[in-house]
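FYI, the numbering just counts along the sequence from 1.
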Amino acid sequence: MRAKRAMFIGRWQPFHNGHKWLISQKLEKGIPALVCVRDIPPDSKNPFTTEQTIEMLRTAYAEDDVEVIPIPDIESVNYGRGVGYDIVEHVPPPNIGFISATDIRFKISEGDDSWKEKVDARIHEMVEKVLK
């Protein structure tokens, strides 16, 4: 029987260290992760295609027990009572919680390389390829 996975749903536009911290809350406890990428068309707030986002995540987690899949765009996440799993909120520490994908996209467009400290080095080239 496969181990249960902790599921994370997001746009990941781009994947950054705040997202990484969030997923690490389960990975560090030995719980595998299922990262779901909302299948949305690219626009100014979501410049990466679903396929590019999946590639970013798979690259960042190539050495970890993380499965990355696309899911249809969702209106809400709903559950009934007694479904057998928890809904868990992870509140990041201040040094992580301030990271913003919008700010990262802006800094890249302005030629400010300070965004790199907020994004996994393994995906810098992928992020720049789309946003420069």
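Evaluation of the ring pair (Phe, Tyr, Trp, His ring centres under 6.0 Å) rule for Phe8 yields no partner, not counting sequence neighbours. For Glu67, the side chain to side chain donor-acceptor pair (under 3.5 Å) partners at least two apart in sequence or on another chain are Arg2. For Asn17, there are no side chain to side chain donor-acceptor pair (under 3.5 Å) partners, not counting sequence neighbours. The ring pair (Phe, Tyr, Trp, His ring centres under 6.0 Å) search around Phe48 returns none, not counting sequence neighbours. Not counting sequence neighbours, the partners of His16 by the ring pair (Phe, Tyr, Trp, His ring centres under 6.0 Å) test are His19.
Summarising the geometry, atom OG1 belonging to Thr49 is positioned 8.5 Å from atom CD belonging to Gln13; distances are rounded to the nearest 0.5 Å.
Within a 6.0 Å sphere centred on OH of Tyr85, heavy atoms belonging to other residues, nucleotides or ligands number more than 12. By the neighbour-count criterion of 12 heavy atoms within 6.0 Å, atom CZ of Phe106 is sparsely surrounded, having that number or fewer from other residues, nucleotides or ligands.
A single hydrophobic cluster is not seen to contain both Ile23 and Leu34; linkage of ILVMFWY side chains at heavy-atom distances under 4.5 Å, directly or through other members, places them apart.
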Under 3.5 Å, which donor-acceptor pairs do the side chains of residues 124-132 form with other protein atoms, sequence neighbours left out?
{"from": "His124", "atom 1": "NE2", "to": "Lys116", "atom 2": "O", "distance (Å)": "3.0"}
{"from": "His124", "atom 1": "NE2", "to": "Val119", "atom 2": "O", "distance (Å)": "2.8"}

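Judged purely by atom type and a 3.5 angstrom limit, Arg122 uses its side chain to pair as donor or acceptor with the backbone of Ala60.
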Full working for salt bridge (charged side-chain N to carboxylate O under 4.0 Å, His left out) between Asp43 and Lys45: CA-CA 6 Å; Asp43 61 24; Lys45 286 187 164 188; over 6 Å; no
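The pair Asp113-Lys107 does not count as a salt bridge, with every side-chain nitrogen at least 4.0 angstrom from each carboxylate oxygen.
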